[in-house]
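We count residues from 1, following the sequence as given.
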Amino acid sequence: MEIEIRPAKEDELEYLHSLIISNNEWTKFNGPYFPYSHPSLEQFEKSSFQRLLNGSDLQLVTVDDVPVGTVNCYWECEETRWLEAGIIIYDSACWGKGIAARAISLWVSYLFNTKEIERVGMTTWSGNPRMMSLALKLGFQQEARLRKVRYDEGKYYDSVKYGVLRSEWLERNWQSF
């Protein structure tokens with residue numbers, strides 16, 4: 001099983017749109033407290049697909065060159081070079097197989113290699129224990145826990161922030177830059 005990250009190809013538009021809208025299981029873990037609706041093919045083509053083709057802030061996660069998810073990044077504050085990263089594996093059949101761990105390690109190495117930053121952050125919520133475990137497994141440190149600030153289906157959850165410094169990443173001998 002070869003796990004890679006890469007920009008999208010022009011001929012993958014319909015496949016990727018289908019992958020994203022094919023089920024709602026992933027939306028239960030990706031901030032379900034935020035409103036979300038599946039984009040139409042036209043909406044997807046004009047927004048996320050363009051970002052996937054560009055590849056600088058959104059790339060595909062592939063298994064044997066078949067897309068199963070995406071890695072992303074966004075500026076929390078570009079002026080201070082505060083960058084956050086994330087991942088979504090859309091196909092729940094691919095969960096628990098180490099795909100996200102490999103993809104995030106490739107993505108964080110890519111981010112340190114292509115951006116002038118000293119830290120990569122990841123923010124999740126206490127309703128997503130897999131993501132919390134993944135962050136720690138990859139050497140991220142829990143830097144903050146905002147208690148009971150996420151509300152979903154009648155229950156409060158914590159927002160949990162993780163971060164890894166460039167020097168810490170290099171010490172762990174992840175993908176060479």
Side-chain angles (χ1 to χ4, degrees), residues 5 19-21 23-39 43-44 47-48 51-52 55-61 68-92 94-172 174-175:
I5 61 171
L19 175 67
I20 291 168
I21 68 167
N23 71 72
N24 286 325
E25 192 65 21
W26 65 269
T27 65
K28 296 176 186 173
F29 299 98
N30 189 47
Y33 34 81
F34 293 126
Y36 174 79
S37 60
H38 292 306
Q43 290 169 326
F44 177 71
S47 61
S48 296
R51 291 173 53 216
L52 281 165
S56 65
D57 71 338
L58 186 65
Q59 289 192 18
L60 296 175
V61 175
V68 297
T70 56
V71 286
N72 65 79
C73 69
Y74 63 92
W75 292 108
E76 185 72 34
C77 180
E78 190 170 5
E79 293 78 18
T80 63
R81 302 179 186 175
W82 178 356
L83 189 75
E84 293 283 309
I87 186 166
I88 301 173
I89 302 295
Y90 298 105
D91 184 351
S92 59
C94 293
W95 295 354
K97 297 183 177 181
I99 295 168
R102 174 72 177 145
I104 283 288
S105 68
L106 291 168
W107 185 235
V108 170
S109 292
Y110 170 84
L111 294 173
F112 279 132
N113 192 40
T114 60
K115 300 188 183 303
E116 285 190 48
I117 53 173
E118 286 300 315
R119 176 191 172 277
V120 172
M122 287 197 305
T123 301
T124 191
W125 62 300
S126 58
N128 191 347
R130 283 188 186 115
M131 189 64 164
M132 292 168 40
S133 176
L134 174 64
L136 294 173
K137 174 183 177 180
L138 294 179
F140 283 70
Q141 293 183 28
Q142 183 179 316
E143 298 174 334
R145 178 178 287 263
L146 304 159
R147 298 175 298 156
K148 296 190 178 198
V149 296
R150 298 295 185 204
Y151 185 78
D152 185 53
E153 295 188 2
K155 186 175 176 185
Y156 285 98
Y157 295 90
D158 300 345
S159 178
V160 189
K161 294 186 168 290
Y162 297 90
V164 66
L165 302 178
R166 178 186 293 271
S167 59
E168 295 166 340
W169 194 252
L170 287 171
E171 283 175 25
R172 290 183 63 102
W174 291 111
Q175 286 297 116

Could you walk me through whether T124 and Y162 pass side chain to side chain donor-acceptor pair (under 3.5 Å), step by step?
-> CA-CA 8 Å; T124 191; Y162 297 90; over 6 Å; no
Closest approach of [X] and [Y], non-hydrogen atoms and distance?
X: I89; Y: A100; value: CG1-CB, 4.3 Å
X: L19; Y: G69; value: CD2-N, 4.2 Å
X: P39; Y: I21; value: O-CG2, 4.0 Å
X: G139; Y: R172; value: CA-NH1, 3.5 Å
X: V120; Y: A85; value: CG1-CB, 3.8 Å
X: L111; Y: C73; value: CD2-SG, 3.8 Å

Tell me, with the steps shown, if V68 and I99 meet side chain to side chain contact (heavy atoms under 4.5 Å, CB included).
-> CA-CA 9 Å; V68 297; I99 295 168; 4.3 Å; yes
Are any of the side-chain nitrogens in [X] or [Y] under 4.0 Å away from the carboxylate oxygens of its partner?
X: R147; Y: D158; answer: no
X: K28; Y: E25; answer: yes
X: R81; Y: E118; answer: no
X: K161; Y: E143; answer: no

Candidate pair I87 and N72, rule side chain to side chain contact (heavy atoms under 4.5 Å, CB included), full reasoning | CA-CA 6 Å; I87 186 166; N72 65 79; 5.8 Å; no
Take the angle between the ring planes of W169 and F140 and call it parallel below 30°, perpendicular above 60°, tilted in between.
->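 W169 and F140: perpendicular rings.
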Any idea how W107 and Y110 line up, ring-wise: parallel (<30°), tilted (30 to 60°), or perpendicular (>60°)?
->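 Ring orientation of W107 relative to Y110: parallel.
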4.5 Å side-chain heavy-atom contact, L83 and K115 =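 Yes - at least one pair of side-chain heavy atoms lies under 4.5 Å apart.
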So do the side chains of L52 and L60 get within less than 4.5 Å of each other, counting heavy atoms only?
->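 Yes, at least one pair of side-chain atoms sits under 4.5 Å.
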Under 3.5 Å donor-acceptor, [X] side chain and [Y] backbone:
X: E168; Y: L165; answer: yes
X: S105; Y: R102; answer: yes
X: T27; Y: N24; answer: yes
X: S47; Y: Q43; answer: yes
X: N128; Y: M131; answer: yes
X: R119; Y: R166; answer: no

Side chain to side chain donor-acceptor pair (under 3.5 Å) between W82 and E84, intermediate numbers included = CA-CA 7 Å; W82 178 356; E84 293 283 309; 3.1 Å; yes
So how far is it from [X] [atom1] to [Y] [atom2], rounded to the nearest 0.5 Å?
X: T123; Y: E76; atom1: OG1; atom2: CD; result: 7.0 Å
X: F44; Y: R51; atom1: CZ; atom2: CZ; result: 10.0 Å
X: L136; Y: Q142; atom1: CG; atom2: CD; result: 7.0 Å
X: M132; Y: L134; atom1: CE; atom2: CG; result: 11.5 Å
X: N30; Y: I88; atom1: CG; atom2: CD1; result: 4.0 Å
X: M122; Y: L138; atom1: CE; atom2: CG; result: 6.0 Å

Pair F29 and W95, ring centroids less than 6.0 Å apart =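 Ring-ring flag for F29/W95: true, centres closer than 6.0 Å.
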Decide if the gap between the ring center of Y151 and the ring center of Y156 is smaller than 6.0 angstrom.
->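 Centroid distance Y151-Y156: below 6.0 Å, so yes.
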What's the verdict on side chain to side chain contact (heavy atoms under 4.5 Å, CB included) for Y33 and Y157, showing C-alpha distance, side-chain angles and the deciding distance?
-> CA-CA 10 Å; Y33 34 81; Y157 295 90; 5.9 Å; no
For D57 and Y74, what are the C-alpha separation, side-chain angles and deciding distance, and is it a side chain to side chain contact (heavy atoms under 4.5 Å, CB included)?
-> CA-CA 7 Å; D57 71 338; Y74 63 92; over 6 Å; no
Check the pair S92, W26 against side chain to side chain donor-acceptor pair (under 3.5 Å), reporting the backbone distance first and the verdict last.
-> CA-CA 7 Å; S92 59; W26 65 269; over 6 Å; no
